[in-house]
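Notes follow once the structure below has been shown.
Because only heavy atoms are used, hydrogens play no part in the values below, and waters and symmetry mates are left out as well, while side chains stay in.
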Amino acid sequence: MTVEIRKKVPGDIRAGQMVPVTVLAEGPVASGPGGPLTVDLRIPVERMRRGPSGLRFAIHIRKWRGTNVAPVTLTEVGDPWRLVSKPPPSELRELLDDNRFLAQHVYGVASATLDLFETTLGRRMPWNLEGRLVLKARDQADAYETGYERGSNIIRFGSIERLGYKVPIALYRDIVAHEVTHAILDGFRPAWADALANTEQLAMHEAIADLVAILSVFSSREVVYRQLAAVANGSGTGKPVTDEVMMRSLFDFAKDLFARGALREPLLDVAPKDWQQLPEPHARGSVVVGAVLRTVQRLWAERNSRFGDNQSLQQKAESGSIVGMRVLRMVIRGLSYMPPVDVTWRDLLRGIIAADMDMIPEDQHHYRDVLQDEFSAIGIRRIPSANISGVENYTSLRYPIRLRALGSDPQEVQRFVWENPRLLDAARLERRTPLSSTRVRTSERVSPDGFVVSEIGASFIQTVRMGRKEAFVRLGLKTERDYVDIRGGGVLRFDAGGRLVYAAFKPVLDRERQAAMFVSDEQRAAEQAASSTARNKFHRTGD
C-alpha cells in the first residue's frame with residue numbers, strides 16, 4: 001500500500017498530518033485466515049532516511065548471520081516524505097526473514113506509542129539523552145537481554161524460539177510498546193529510575209509500561225473482537241457475551257501478552273497482603289496493572305448494558321476498545337500531575353483523578369469512581385475530591401512573575417517559589433542548597449467539549465548531601481555511612497493566566513518521610529541490590 005501525500009513543495013507538509021502504517025496486531029505466530037492479524041496505525045508524517053531513520057527513531061536491522069546492519073528504505077524512491085506501507089508475508093518463514101516489514105512494524109509501533117503520549121499530554125516528550133532512540137530490532141542479545149538501556153538511548157530486541165523458528169521479539173507489538181514507554185518515562189521523569197530511586201518508582205515504571213502495552217494493543221477493535229470470539233468458543237453469533245466472558249477475554253488477552261517466557265510476570269488474581277513490600281519491581285507493579293484492567297472490564301460491562309442486549313459482537317468489541325483507550329489516556333494524563341521524585345501508588349491515583357477532573361468535570365459514566373474502587377480493593381486509599389488540587393492550602397500567593405518567562409524559564413519558577421514562603425515551607429527545602437533540577441513545560445490539550453486547555457507545568461528537585469551527624473540531628477537518620485543523599489521536590493501547574501492551580505510536594509527536610517524511606521543502612525542496601533538490574537535494563541523479572 002503506497003500512501004499518497006500530495007505535495008508541491010516541502011512546505012505543503014503540515015504539522016499534525018498523519019499516515020497509516022500496517023503492523024502486526026499482536027505477534028507473528030497468531031494468524032488469521034490470510035496470515036498474521038494486522039492493524040493500521042496512524043502515525044505522524046515525517047521525512048525519513050534509509051535505515052530507516054527519522055527525527056526521533058533509528059531502526060537497526062541486523063542480518064541473521066553476522067553483525068552487519070542491513071539498512072532498508074520505507075519511503076518511495078526519491079521522495080523521503082512518502083511512506084510505502086506494505087502488508088506482511090502470509091507465510092511465517094517469509095515473515096521472519098522480511099527485514100523491510102520488521103523495520104516497518106517497529107517504526108510504526110514506536111511512533112504510535114510516542115504519539116499517544118504527546119497527544120494525550122499536549123507536549124513533546126524528550127528522551128533522557130539528546131538524539132535519536134535506537135531500536136535494535138534484531139540484536140544478537142537473547143530474550144533475557146531484551147530491554148531499554150538507561151544512559152545509551154538504545155533498546156535491544158533479541159529473539160525467542162517459537163514453533164521451531166527463531167522469532168525476533170520486536171515482532172510482538174506489546175513488547176515494542178512496553179520498551180518504548182520506558183524510554184519515554186525516563187525522559188519525562190529521569191529521577192524515577194536513577195541511582196536514588198527505590199523499588200516503588202521502578203515498579204511504577206513497569207506498571208505504566210505494561211498498561212501501555214496491554215491497553216494500546218487492546219484498543220484495536222479487531223484484536224478485541226478476535227479475543228471475544230475465541231473466549232466465546234466460536235464466532236459469537238447467537239451466543240451471549242456475558243460479563244464473565246468479557247472478564248476472561250480481557251485477562252486472557254493480558255496474560256497472552258505477558259506470556260513471553262521470563263519477559264513477563266503473570267497477572268495476579270488476588271493481590272498478596274504484603275504486595276507493596278515485594279522486592280521485585282515487575283511483581284509489585286502487576287498488582288496495580290490488575291486493578292486498572294478490572295476497571296476497564298467493569299466500565300466495559302456498564303457501557304454494554306447502556307446499549308442493550310441486541311448489540312453485535314463487533315459493537316461490543318468497539319465498546320471495549322473505546323473504554324480501554326479512555327482509561328489508558330486517563331493514566332497517561334495523570335503522569336504530569338505527579339511529583340518528579342519518590343512517587344507512590346497514591347500519587348499515581350491522585351494524579352489520574354485530578355487530571356481527569358480538569359479535563360472532564362462531569363464524570364457521567366463514573367470512570368473515576370470505578371478506578372478509585374479498584375485501587376481501594378488493593379489497599380490504596382481513595383483520594384477525596386476536597387482540595388485535590390492542593391492549592392487551597394496556599395491563599396494570598398504573590399505573583400511577582402512574568403507570564404511569558406514562566407512558560408520557558410526555570411529561573412522564573414524558582415523566583416515564584418522563593419517569593420512565597422508558604423510554598424518553601426510546604427516543600428521543606430534546604431535554604432542553603434540550590435535546586436538540583438528545574439523543568440518547565442507548556443501543554444495544550446483539547447477537552448471533550450472542544451475547548452483547548454492550556455497549562456504550564458513546572459517540576460523541581462533538590463538533593464542534599466548530609467554527613468552522618470547532621471543526618472541524625474536534622475532528620476533522625478541512623479547511618480554508619482560517612483554521608484547520605486536525601487532529596488525531595490514538587491510539581492506546580494499554572495493556568496494560562498499564570499495562576500497556580502495544582503501543587504504536589506515531596507518535602508525534603510521531612511523527618512517522618514525521610515525516615516520511612518531510609519529505614520536503615522541494611523534495608524537500603526538490600527533494596528538497591530534487589531532493584532539494580534531493573535534500574536539499568538527495564539525488562540528482567542528475575543531468574
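Contact check for D210 versus S286: no side-chain heavy atoms found under the 4.5 Å cut-off. Under the 4.5 Å side-chain criterion, counting only non-hydrogen atoms from C-beta, R50 is not in contact with P80. Looking only at side-chain heavy atoms (C-beta outward), D347 and R350 stay at 4.5 Å or farther from each other. Within the 4.5 Å cutoff, the side chain of W192 has heavy atoms near those of the L335 side chain. Annotation: side chain of Q227 is not in contact with side chain of F218 (no heavy-atom distance under 4.5 Å). The shortest side-chain heavy-atom distance between I154 and K136 falls under the 4.5 Å cut-off. The shortest side-chain heavy-atom distance between T75 and V84 does not fall under the 4.5 Å cut-off. Taking 4.5 Å as the limit, every side-chain heavy atom of Y172 sits out of range of all side-chain heavy atoms of L24.
S321 places a side-chain N or O within donor-acceptor distance of the main-chain N or O of E318, the cut-off being under 3.5 Å. A distance-only check finds a donor-acceptor pair linking the side chain of S85 to the backbone of T22 [under 3.5 Å]. Counting only distance, with no hydrogens or angles, the side chain of R439 and the backbone of G457 share no donor-acceptor pair below 3.5 Å. The backbone N or O of G285 lies less than 3.5 Å from no partner atom in the side chain of E206, so there is not a single donor-acceptor pair. The backbone N or O of M330 sits nowhere less than 3.5 Å from a side-chain atom of D356 that would complete a donor-acceptor pair. Judged purely by atom type and a 3.5 angstrom limit, W345 has no side-chain atom pairing as donor or acceptor with the backbone of E200. Between the side chain of R100 and the backbone N or O of V72 there is no donor-acceptor pair closer than 3.5 Å. In this structure, R173 contributes its side chain and S216 its backbone to a donor-acceptor pair below 3.5 Å. Side-chain N or O atoms of H178 include none that pairs as donor or acceptor with a backbone N or O of A213 at under 3.5 Å. A distance-only check finds a donor-acceptor pair linking the side chain of E280 to the backbone of A283 [under 3.5 Å].
Across all their heavy atoms, G108 and L41 have their closest contact at O-CD1, 3.9 Å. Across all non-hydrogen atoms, the minimal contact from P168 to R138 is CG-NE, 4.2 Å. The minimum heavy-atom distance linking P89 with P36 is given by the pair O-CD, 3.8 Å. Contact between W300 and K316 at its shortest, heavy atoms only, is NE1-O, 2.9 Å. Minimum heavy-atom separation, I378 to A291: CD1-CB, 3.8 Å. Nearest heavy-atom pair, A170 versus V106, reported as atom, atom and distance to 0.1 Å: CB-CG2, 3.7 Å.
A cation-pi arrangement is absent between R93 and Y165, since the terminal nitrogen or guanidinium carbon is not both under 6.0 Å from the aromatic centre and inside a 45° cone about the axis.
The structure places CG of L228 at 9.5 Å from CD of Q314, a figure rounded to the nearest 0.5 Å. How far CG of N128 is from CG of L133: 11.0 Å, rounded to the nearest 0.5 Å. Interatomic distance, Q462 CD to S437 OG, rounded to the nearest 0.5 Å: 11.5 Å. Atoms CG and OG1, from L299 and T295 in turn, are 6.5 Å apart once rounded to the nearest 0.5 Å. A distance of 6.0 Å separates OG of S111 from CD of E46, quoted to the nearest 0.5 Å. A distance of 9.5 Å separates NE2 in H105 from CG in L95, rounded to the nearest 0.5 Å.
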Practice item. Given side chain to side chain contact (heavy atoms under 4.5 Å, CB included), test I208 with L185 step by step and report yes or no. Key: CA-CA 9 Å; I208 293 168; L185 292 178; 3.9 Å; yes
**Study point:** Intermediate values then yes/no, side chain to side chain contact (heavy atoms under 4.5 Å, CB included), Q104 and V23
**Key:** CA-CA 7 Å; Q104 175 182 304; V23 303; 5.7 Å; no
Practice item. Apply side chain to side chain contact (heavy atoms under 4.5 Å, CB included) to V134 and N153, showing your working. Key: CA-CA 6 Å; V134 178; N153 269 21; 5.8 Å; no
Exercise for review: For side chain to side chain contact (heavy atoms under 4.5 Å, CB included), just list the numbers for Y337 and R493, CA-CA rounded to whole Å, side-chain angles, deciding distance to a tenth of an Å, and then say yes or no.
Suggested key: CA-CA 8 Å; Y337 286 65; R493 296 192 65 83; 3.6 Å; yes
Practice item. Carefully, step by step, assess R42 and D115 under the rule salt bridge (Lys or Arg N to Asp or Glu O under 4.0 Å). Key: CA-CA 9 Å; R42 296 189 65 80; D115 184 65; over 6 Å; no
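R441 and S408 share no donor-acceptor pair across their side chains, judged by distance under 3.5 Å alone. No side-chain donor-acceptor contact under 3.5 Å links T442 and E455. No side-chain donor-acceptor contact under 3.5 Å links T146 and R156. When only modelled atom types and interatomic distance are considered, T463 and D485 share no side-chain donor-acceptor pair under 3.5 Å.
Note: H182 and H205 have parallel aromatic rings, judged against thresholds of 30 and 60 degrees for the angle between ring planes.
Here E118 pairs with R56, R124 under the salt bridge (Lys or Arg N to Asp or Glu O under 4.0 Å) rule; sequence neighbours left out. By the salt bridge (Lys or Arg N to Asp or Glu O under 4.0 Å) test, R49 is found to be paired with no residue, residues two or more places apart in sequence or in another chain being considered. Shown here are the side-chain hydrogen bond (donor to acceptor under 3.5 Å, both in side chains) partners of T120, two or more places apart in sequence or in another chain: R329.
Screening R487, Q201, R150 against D194 for a side-chain hydrogen bond (donor to acceptor under 3.5 Å, both in side chains) leaves a single residue, R487.
Between W127 and F57, the gap from one ring centroid to the other is short of 6.0 Å.
Heavy atoms from other residues, nucleotides or ligands lying under 6.0 Å from CD of E130 number 12 at most.
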